[in-house]
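Worksheet for the structure shown next.
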Amino acid sequence: MPSPSSYHAASHSVQCGFLLWCMAPSPSNGAEFLYKRIIRPFFLKHQSQVDSVMKDLKDKAKETADAITKEAKKATVNLLGEEKKST
């Protein structure tokens, strides 16, 4: 039975090979293959769902930023008011 360290070494070799394949300076390297065959078709198939999620995230981020800005303005006014009272 192979030792756990041999599995560990083999997994590192496989990972290294995968990364080399993805970065190979050839027209059909791994990154190009994975993008054209897996990633792009997936996003094209689910484009409307991805767009919807991104719009929701954008709206929530804007609401959060607006709320933080409003609170910061209140805090600034309060600090300036406290400063005027103390002088």
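No path of Ile, Leu, Val, Met, Phe, Trp and Tyr side chains, each step under 4.5 Å between heavy atoms, connects L57 with I68, placing them in separate hydrophobic clusters. Linking Ile, Leu, Val, Met, Phe, Trp and Tyr residues whenever their side-chain heavy atoms come within less than 4.5 Å places W21 and L19 in a single cluster. Both Y35 and V50 are assigned to one and the same hydrophobic cluster, defined by single-linkage of ILVMFWY side chains at heavy-atom distances under 4.5 Å. Linking ILVMFWY residues whenever their side-chain heavy atoms come closer than 4.5 Å, directly or via other members, leaves F33 and I39 in distinct clusters. Using a 4.5 Å cut-off between side-chain heavy atoms of Ile, Leu, Val, Met, Phe, Trp and Tyr, with links allowed through other members, F43 and M54 fall into the same hydrophobic cluster.
Proximity of K58 to K55: side-chain heavy atoms (C-beta onward) are nowhere separated by under 4.5 Å.
Distance CG/N78 to NZ/K73: 14.5 Å, rounded to 0.5 Å.
Between the side chain of S52 and the main chain of S48, no donor-acceptor pair closer than 3.5 Å is present.
Around atom CE of M23, more than 12 heavy atoms belonging to other residues, nucleotides or ligands sit under 6.0 Å away.
Checked for salt-bridge contact, K62 and D66 meet the test: a charged N lies under 4.0 Å from a carboxylate O. Salt bridge status for K60 with D56: absent, with no side-chain N to carboxylate O gap under 4.0 Å.
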Worksheet item: Between E32 and N29, is a side chain to side chain contact (heavy atoms under 4.5 Å, CB included) present by the stated rule, with each step listed?
Response: CA-CA 6 Å; E32 184 89 15; N29 65 18; 3.2 Å; yes

